[in-house]
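Beneath this line is the structure, given in structure tokens, with notes to follow.
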Amino acid sequence: MRAVVTLLRRDLLLAFRRRSDVATTLFFFLIVASLFPLGVGPEPAVLSRIAPGVLWVAALLAGMLSLTRMFASDFSDGSLEQMLIAPQPLPMLVIAKVLAHWIVCGLPVVLLAPMIGLQYALPNDALLVLVLSLLLGTPALSLIGAIGAALTLGVRGSGLLIALLVLPLYIPVLIFGAGAVAASQHGVSAEAHLSLLAAFSLLSLVLAPFATAAALRISVE
Amino acid sequence: MRAVVTLLRRDLLLAFRRRSDVATTLFFFLIVASLFPLGVGPEPAVLSRIAPGVLWVAALLAGMLSLTRMFASDFSDGSLEQMLIAPQPLPMLVIAKVLAHWIVCGLPVVLLAPMIGLQYALPNDALLVLVLSLLLGTPALSLIGAIGAALTLGVRGSGLLIALLVLPLYIPVLIFGAGAVAASQHGVSAEAHLSLLAAFSLLSLVLAPFATAAALRISVE
Amino acid sequence: MHWSSWSAFFNMGGYAFYVWFSFGLTALCLAWEILAVRKRRDVALNLARLLAQDKQ
Amino acid sequence: MTSKGVTAVDLSCVRGDRILFKHIDFTLEPGGLLYVLGENGSGKSSLLRLLCGLIKAESGAIHWQGADVKHALEVFQSDLLYMGHLNGLKEDMSPIENLQVNAHLAGDNVNKQAILSALEAIDVKRCDSLPVRVLSQGQKKRVALSRLWLTKRKLWILDEPFAALDSTSVDLLVSRISQHLSNGGMAIVTTHQEVVISAQSTQVLRLSA
Amino acid sequence: MTSKGVTAVDLSCVRGDRILFKHIDFTLEPGGLLYVLGENGSGKSSLLRLLCGLIKAESGAIHWQGADVKHALEVFQSDLLYMGHLNGLKEDMSPIENLQVNAHLAGDNVNKQAILSALEAIDVKRCDSLPVRVLSQGQKKRVALSRLWLTKRKLWILDEPFAALDSTSVDLLVSRISQHLSNGGMAIVTTHQEVVISAQSTQVLRLSA
Amino acid sequence: MNINWFKYSSPQTFYPLAGRMIPWFAWIAVIFAVIGLYISFFIAPTDFQQGEAYRIIFVHVPAAWMSMFIYMVMAGWAALGLSLNARLPAMMAQALAPTGAIFTLLALVTGSFWGKPMWGTWWVWDARLTSELILLFLYLGFIALQSSIDDPRKADKAGALLALVGVVNVPIIYFSVKWWNTLHQGSTISMGAAPKMVTTMLLGMLFMALAFWMYTIAVALMRVRCIMLERERASDWVKVLLLKATGGNA
Ligand code: HEM
Ligand SMILES: Nc1ncnc2c1ncn2[C@@H]1O[C@H](COP(=O)(O)OP(=O)(O)OP(=O)(O)O)[C@@H](O)[C@H]1O
Ligand SMILES: Nc1ncnc2c1ncn2[C@@H]1O[C@H](COP(=O)(O)OP(=O)(O)OP(=O)(O)O)[C@@H](O)[C@H]1O
Ligand SMILES: [Mg+2]
Ligand SMILES: [Mg+2]
């Protein structure tokens with residue numbers, strides 16, 4: 001247990017040392033969300049129509065791009081080898097790393113999202129649902145992403161490979177998340193979408209750490 | 001000159017050895033472009049309205065994600081040091097590397113784009129303009145991207161930092177590119193957009209290699 | 001002088017929130033920046049002092 | 001089968017389509033030192049990684065204190081200290097922070113004082129608060145090696161610990177290893193340099209390419 | 001000022017906020033060997049990178065054949081061969097392909113036959129068509145070093161060329177370097193190992209941390 | 001002559017000089033701000049269309065001006081530092097960036113707080129607003145790049161290069177955004193609808209801009225002093241300086 005806490009604290013410390021890392025995830029989210037109006041045009045009606053989809057895709061991409069960093073430095077400097085031969089249960093260590101990743105890359109996006117929602121002319125209750133859906137959905141993104149990150153360790157160009165492995169698994173999260181916001185835009189209750197999202201997150205919490213641990217063992221061999 | 005050809009051939013050979021890299025850029029483009037209908041909903045009218053923007057943003061992100069790889073492996077295995085102390089003009093070598101990057105990551109996107117345009121219910125002449133605009137615009141993306149890639153060499157979390165540095169500079173390309181397609185959708189001639197795009201590409205061809213060479217010297221120091 | 005009273009002044013013709021928020025935020029940001037720079041200076045001075053004593 | 005050390009039985013290893021080595025047997029008892037020698041590419045690093053469980057043997061078994069490690073991996077791993085070609089240090093953290101974290105992750109208990117004296121022992125205390133990134137090749141190696149002054153583990157597996165070290169550091173390291181051996185520890189070491197470590201019993205395992 | 005070799009005048013180098021070294025002067029004439037020695041972290045690698053122009057000196061100048069290299073960088077660089085801590089090999093290509101590409105990039109002309117005999121000379125011909133990725137530490141180093149059998153450049157700058165090599169390879173390398181020197185070449189070498197290279201004139205530059 | 005000037009622009013001589021200049025600029029800033037605020041709240045008349053909300057203009061426009069102006073100045077210092085390989089200009093560029101980013105943010109936020117009562121919405125994708133947003137990204141990129149490179153010299157050079165590339169692109173970005181916006185005639189509001197400027201309004205904005213300008217100089221000088229201390233804390237002049245300071249206290 002203490003190893004878990006140490007690992008979490010170490011990763012947060014490292015993230016803090018490199019504050020710009022945290023900031024860049026956020027700004028990537030912000031920039032991608034701001035690129036779309038430039039491509040699509042500035043009409044508020046169109047923008048608010050596509051807002052749920054765009055914001056969720058932007059959040060998803062921002063979370064995904066930071067995945068490469070989850071294990072890469074541990075792998076290349078040898079810390080991962082040491083974690084694997086440590087007498088601790090590996091899935092627990094994985095949970096610590098995923099949690100650190102979510103705190104650093106997921107949480108800030110959740111907090112920033114309403115501001116960008118304003119740029120897309122989203123009404124207030126849709127904004128609330130947006131935040132809720134991100135809060136319930138982003139942990140699943142980190143958990144599933146960890147499997148991809150572990151599988152592609154030490155593979156050149158892993159950034160894109162991760163995308164390829166992980167995006168199909170992200171699709172349910174995207175559908176429920178964007179669906180929740182769209183529902184509340186249309187005045188329908190978003191509860192069904194949100195509980196599906198929560199269920200999906202729980203499921204990945206149970207399964208993903210084991211899959212990630214197995215993937216790590218394979219990658220290091 | 002022969003050094004340039006050798007470098008180009010080497011990079012293409014390496015890309016060929018890692019065919020999955022090429023494939024992943026393509027699939028990333030494909031997946032991002034396919035995520036939107038999932039997030040936004042299937043109405044053809046909305047989709048064709050947002051198609052130029054979404055396709056261009058997807059192309060831009062796909063090109064950007066592969067930027068990290070442009071110099072990273074040369075940097076970490078020491079080839080870059082050797083390139084810097086070689087008695088060849090560095091900007092020429094940079095052009096070879098950018099060209100290789102474009103052939104591997106830009107060209108396939110150009111060729112695949114019309115297929116995806118069909119999914120978004122784009123008419124034929126808009127598809128043609130889409131291909132043309134990508135053909136004229138993606139070289140600028142590779143050239144400007146090279147500067148960002150060179151500046152962030154050896155920096156942890158460089159994937160996201162590149163995004164932050166480079167995406168604002170990509171905006172003119174996005175605007176003219178998406179604008180060209182949108183214009184032809186509305187029955188207006190896209191010529192003005194396309195020539196601006198070409199001018200921008202030429203300008204970056206003249207300036208970017210020197211900036212990239214300077215950035216490389218700074219990063220290796 | 002076109003304000004009939006102080007309360008009219010503070011009310012800003014009904015736009016008090018927007019006007020005072022804008023001015024207030026500006027003042028706040030600038031003040032915060034000054035404080036942040038001073039704190040940075042204190043930290044730097046302390047470190048430099050420690051180092052100077054070390055060397056002696 | 002009441003050995004208190006480590007025994008390898010008929011180990012073999014395949015990489016790519018080549019058999020790197022086969023029929024490797026040895027027994028290392030407390031106080032014993034095993035040199036693994038051989039040319040470049042003869043399979044020394046592979047053997048060491050195999051002993052730690054980082055790669056799987058093609059055939060054969062490893063016993064620790066009489067039990068097959070396949071069935072008692074945790075026990076074995078908590079007695080084992082492995083240092084490979086990589087240093088296992090975070091470039092953004094200082095030596096002190098690195099050692100602290102590494103010890104916790106390995107399940108050991110150390111305090112800051114102990115870490116400082118370990119760094120002192122191998123003469124990198126001067127760099128204790130710089131980020132590891134700016135250290136020279138040899139300084140990084142020394143920081144990694146200072147774990148040896150902190151640990152109580154019984155079996156040390158060291159892959160080329162002397163590479164990149166200057167001669168004073170080599171001497172310090174040699175005396176630390178012999179101290180460990182005289183306290184009843186065991187060590188498996190690869191090296192290309194001529195280094196003499198005093199031990200109660202020294203074995204040499206020579207791999208050929 | 002009609003030296004045919006390399007001269008360093010009052011070089012100094014700052015890394016972070018530390019002065020690594022200052023007032024470094026030396027002259028190396030054809031046939032001469034310069035050892036750069038010093039403890040870990042004393043600045044050997046930094047000095048070598050500085051000589052190649054990879055990092056900027058805080059002050060001082062380097063002259064090559066009488067001319068300041070600042071003004072004649074291309075001439076200097078086409079006479080220079082540098083090998084640092086990194087090998088400069090692509091993991092996905094075979095040794096042969098790597099050497100071919102590296103030679104072209106450096107502006108040299110080599111054919112496949114020459115490359116094969118260079119690999120033969122340092123005894124890694126056996127691995128010539130494996131991807132570099134699967135080679136052992138020492139095999140990679142040897143592939144990188146085989147450039148020395150292919151080049152006609154006059155000034156060699158080698159940063160710890162003997163690290164990770166087994167003893168036969170060290171001997172091969174030593175004899176190649178002395179051959180180069182006896183042909184009127186020059187070499188600047190750092191090492192922590194005791195290695196004797198025969199040369200017409202040997203200088204030692206000792207850096208202290 | 002030139003060489004001499006740069007010798008005197010070394011951190012060692014500039015540090016105390018900057019220290020003496022800061023209070024002057026600070027006080028001038030305060031004076032200008034007082035005048036500017038007085039004009040904006042007590043002299044400038046009520047706008048017949050927008051009511052009192054228009055008074056936001058007195059922070060909004062000066063902040064927007066400063067945000068662009070500082071970027072140009074920053075790039076100028078960066079170019080100087082890169083071409084002369086001098087330390088002080090690079091430090092100045094680094095010292096200006098956060099202030100520029102803050103003014104950009106202020107222009108955006110105060111603009112939004114103006115837009116809400118006037119347009120009924122916090123944000124529209126108008127050309128000016130969009131390019132201001134992109135300017136914010138450029139600033140943040142510069143800051144992020146510099147803070148993620150630890151070797152200060154390297155960070156200086158990399159940042160300078162980025163600033164220069166940005167400055168080549170800023171006009172292109174501005175015009176492309178403008179063009180994009182006029183092509184899609186989505187937003188029905190344009191800022192041309194703003195009322196014609198009364199001279200007093202212009203005067204108020206001018207004084208506020210001057211106040212911001214002086215403030216910027218003062219803060220940048222303070223920050224550049226910090227940067228010098230951080231980078232050169234091991235050098236002799238810092239030690240001498242500190243000893244003098246403690247000697248004075250004792
Ligand atoms: C988020 C919202 C806004 C942003 C980011 C923004 C940004 C800017 C910028 C960058 C400028 C300087 C342009 C220049 O000097 O060429 C400016 C000036 C100005 N803005 Fe805004 N603005 C915003 C909202 C508004 C609103 C709502 C109004 C009026 C109803 C407004 C009215 C003006 C006026 C009158 C000027 C002065 C133009 C001049 O002096 O040439 N702005 N704004
Ligand atoms: N996938 C593979 N395909 C073919 N050969 C492989 C593969 N992986 C490893 N090898 C071979 O196995 C050997 C690796 O040995 P190892 O790294 O254990 O050597 P070593 O004895 O530690 O050498 P060094 O002294 O150079 O460190 C090399 O000869 C290498 O060519
Ligand atoms: N940014 C920095 N800040 C502080 N110190 C630095 C920085 N960069 C390098 N150094 C110091 O400079 C020295 C680097 O020296 P260098 O790598 O040249 O050593 P070396 O003589 O090659 O050592 P080795 O034998 O271990 O390879 C180290 O002492 C390191 O701590
Ligand atoms: Mg080995
Ligand atoms: Mg070194």
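Reckoned from all heavy atoms, side chains included, excluding hydrogens, waters and symmetry mates. Proteins get letters first, then strands, A, B, ... in listed order; numbering begins at 1 in each.
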* To do: For residues B/Val46 and A/Val46, determine if any side-chain heavy atom of one lies less than 4.5 Å from a side-chain heavy atom of the other.
  => no

* Structure fact -> Whatever's closer than 4.5 Å to a heavy atom in chain B on A/Ile171 counts as side chain

* To do: Using non-hydrogen atoms and a 4.5 Å limit, figure out which bit of B/Leu174 sits close to chain A: side chain, backbone, both or neither.
  => side chain

* **Region of B/Leu60 in contact with chain A, defined by heavy-atom distances below 4.5 Å** => side chain

* Asked: Checking heavy atoms, do the side chain of B/Met70, its backbone, both or neither come under 4.5 Å from chain A?
  -> neither

* **Residue B/Tyr120 excluded, over 12 heavy atoms near OH under 6.0 Å** => yes

* Search all heavy atoms of B/Ala178 against all heavy atoms of A/Gly39 and return the closest pair with its distance. => CB-O, 3.6 Å

* Do the side chains of A/Phe28 and B/Leu167 get nearer than 4.5 Å, heavy atoms only? -> yes

* Contacting moiety of B/Val181, where chain A heavy atoms sit under 4.5 Å -> neither

* Please flag which part of B/Leu30 lies under 4.5 Å from any non-hydrogen atom of chain A: side chain, backbone, both or neither. => neither

* To do: Taking the side chain as every heavy atom from C-beta outward, state whether A/Ile31 and B/Tyr170 have any pair of such atoms under 4.5 Å apart.
  => no

* **Over 12 non-hydrogen atoms of neighbours within 6.0 angstrom of CD in B/Glu191** => no

